There are 2 protein chains.
Amino acid sequence: MPSLSAKTPVFVPRVTKEYRSGADVFKALGHSSRLLIVDALAHGEQCVAHLTELIGCDISTVSNHLAVLRNVGIVADERRGQQVFYRLAAPCVTKVFACLEELRAARESNR
Amino acid sequence: MPSLSAKTPVFVPRVTKEYRSGADVFKALGHSSRLLIVDALAHGEQCVAHLTELIGCDISTVSNHLAVLRNVGIVADERRGQQVFYRLAAPCVTKVFACLEELRAARESNR
DNA sequence: GGCACGTTTGGCAAAATGCCAAAATATCAA
DNA sequence: TTGATATTTTGGCATTTTGCCAAACGTGCC
């Protein structure tokens, strides 16, 4: 009697494309300035000028960082008058910092 | 009459060091091979040889990828006999792929 | 037109990356 | 001890990426 049920759950990898686009998302988050931006936006939308003040570098640099985040869908923008407001595009991103904290705790307990 | 209650919640940035170490975690995830590793480990621990077979590159390369993930506390290793088994060090990492999916959905709805 | 806000582009120097190959380390077995 | 197996570490290289700024451009408002 041949058993068709697997004993151990077999891992089926996703297609390469998925890992690549996923990695792009994390690359976008893998910069301290952009992480600061995300942290700020987790508390509500902000215009570019305000974010620039927060980060303390050229506004064109900030605009480029925002483009990186927008290209992977982490943030969304909306023009209102002369200003452009940015906000997080997906709620899950907010939980990111809690996970970072969890990792930090795990790091410390293993010391 | 000076109001002491803030109307809008004031965002207080964390210290730079925190953003930097957080960014390091995302940099570690920002590579398709490492993301594949994390996806595999989300289904249970694996030894290096098995992960190497999964990825299809030199074992030393895989070992280096694992070191990157270990250095930021994403994975933990345990030697059993001649083999070294790797596993995810924090549960939250498992949710990562759900969040990627959420972002992908948000990207599509905005098209 | 002129000002304010933001984006795009070009360019550069520096840093990081990914990968492999070879040597080193560790465990077990004969 | 010697050898086999499994993994890590190191060195080096070529490529890619990066972050940043400055200048030019686009857009909306007065």
Side-chain angles (χ1 to χ4, degrees), chain A residues 16-17 19-41 45-87 89 110, chain B residues 16-17 19-41 45-87 89 110:
Chain A
T16 307
K17 190 179 155 190
Y19 291 115
R20 256 206 279 269
S21 70
D24 285 339
V25 171
F26 291 119
K27 279 180 200 163
L29 291 172
H31 187 282
S32 53
S33 295
R34 290 196 289 267
L35 210 47
L36 169 49
I37 290 175
V38 170
D39 195 19
L41 296 186
E45 62 171 19
Q46 304 280 349
C47 68
V48 180
H50 193 256
L51 290 171
T52 300
E53 184 184 359
L54 210 54
I55 295 178
C57 66
D58 199 277
I59 189 175
S60 70
T61 300
V62 174
S63 185
N64 276 310
H65 282 316
L66 287 167
V68 171
L69 292 171
R70 196 186 30 215
N71 284 338
V72 298
I74 291 177
V75 303
D77 60 336
E78 183 191 350
R79 164 154 240 143
R80 287 207 295 275
Q82 330 184 30
Q83 293 170 309
V84 178
F85 289 86
Y86 280 83
R87 59 178 165 76
N110 279 27
Chain B
T16 307
K17 190 178 156 191
Y19 291 116
R20 257 205 276 270
S21 70
D24 285 340
V25 172
F26 291 119
K27 278 180 200 160
L29 292 172
H31 187 282
S32 53
S33 294
R34 288 195 292 264
L35 209 47
L36 169 49
I37 289 175
V38 170
D39 195 18
L41 296 185
E45 63 171 20
Q46 303 280 349
C47 69
V48 180
H50 192 254
L51 290 171
T52 300
E53 184 184 1
L54 211 54
I55 295 179
C57 66
D58 199 278
I59 189 174
S60 70
T61 301
V62 174
S63 184
N64 276 309
H65 281 316
L66 288 168
V68 171
L69 292 171
R70 187 175 1 110
N71 284 338
V72 299
I74 292 177
V75 303
D77 61 336
E78 183 192 349
R79 165 154 241 143
R80 289 209 292 277
Q82 331 184 31
Q83 293 170 308
V84 177
F85 288 86
Y86 280 83
R87 58 178 167 75
N110 278 26

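Predicted model only: the values in this text are computed from it and were never measured. Note on naming: letters A, B, ... go to the chains in the order of the sequence lines (proteins, then strands), and numbering restarts at 1 for each one.
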- Query: Which sits closer to the 5' end of DNA chain C, A/K27 or A/F85, going by the nucleotide each is nearest to?
  - Reply: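 Of the two residues, A/F85 wins.
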
- State, yes or no, whether a side-chain contact exists between B/D77 and B/L66 at a heavy-atom distance under 4.5 Å.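 No, every pair of side-chain atoms sits at 4.5 Å or beyond.
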
- Message: Any base atoms under 4.0 Å from B/R80, or only sugar-phosphate, or nothing? Heavy atoms, all strands.
- Response: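 Here B/R80 touches no strand at all.
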
- For the helix from C/dG1-D/dC30 to C/dA30-D/dT1, how many degrees between its two end axes (five pairs per end), to the nearest 10°?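 Answer for the end axes of this duplex: 30°.
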
Rounded to the nearest angstrom, tell me the gap between atom [atom1] in [X] and atom [atom2] in [N].
X     : N      : atom1 : atom2 : answer
A/F26 : C/dT17 : CZ    : P     : 16 Å
A/D58 : D/dA24 : CG    : C1'   : 13 Å
B/N71 : D/dT9  : CG    : P     : 9 Å
A/E53 : C/dG6  : CD    : C1'   : 16 Å
A/L51 : C/dC5  : CG    : C1'   : 13 Å
B/L66 : D/dT7  : CG    : P     : 10 Å
B/I55 : D/dT7  : CD1   : P     : 13 Å

Mind listing the closest non-hydrogen atom pair of [X] and [Y] along with its distance?
X     : Y     : value
A/A28 : A/L69 : O-CD2, 3.9 Å
A/L35 : B/G22 : CD2-C, 3.5 Å
B/G30 : A/K27 : O-CE, 3.1 Å

With 3.5 Å as the limit, what N/O pairs link the protein to nucleotides 9-14 of chain C?
none

- Query: Do we get A/R70 above A/Y86's six-membered ring, with its NZ or CZ under 6.0 Å from the centre and within 45° of the axis?
  - Reply: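 Not satisfied by the 6.0 Å and 45° rule.
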
Does a side-chain N or O of [X] approach OP1 or OP2 of [N] to a distance below 4.0 Å, or not?
X     : N      : value
B/T61 : C/dC19 : no
B/H31 : C/dG18 : yes
B/H65 : C/dC19 : yes
A/Y86 : C/dT7  : yes

Kindly give the atom pairs (protein nitrogen or oxygen, nucleotide nitrogen or oxygen) under 3.5 Å for nucleotides 4-6 of chain D.
{"from": "D/dT5", "atom 1": "O2", "to": "B/Q82", "atom 2": "OE1", "distance (Å)": "3.1"}
{"from": "D/dA6", "atom 1": "O3'", "to": "B/Q82", "atom 2": "O", "distance (Å)": "3.4"}

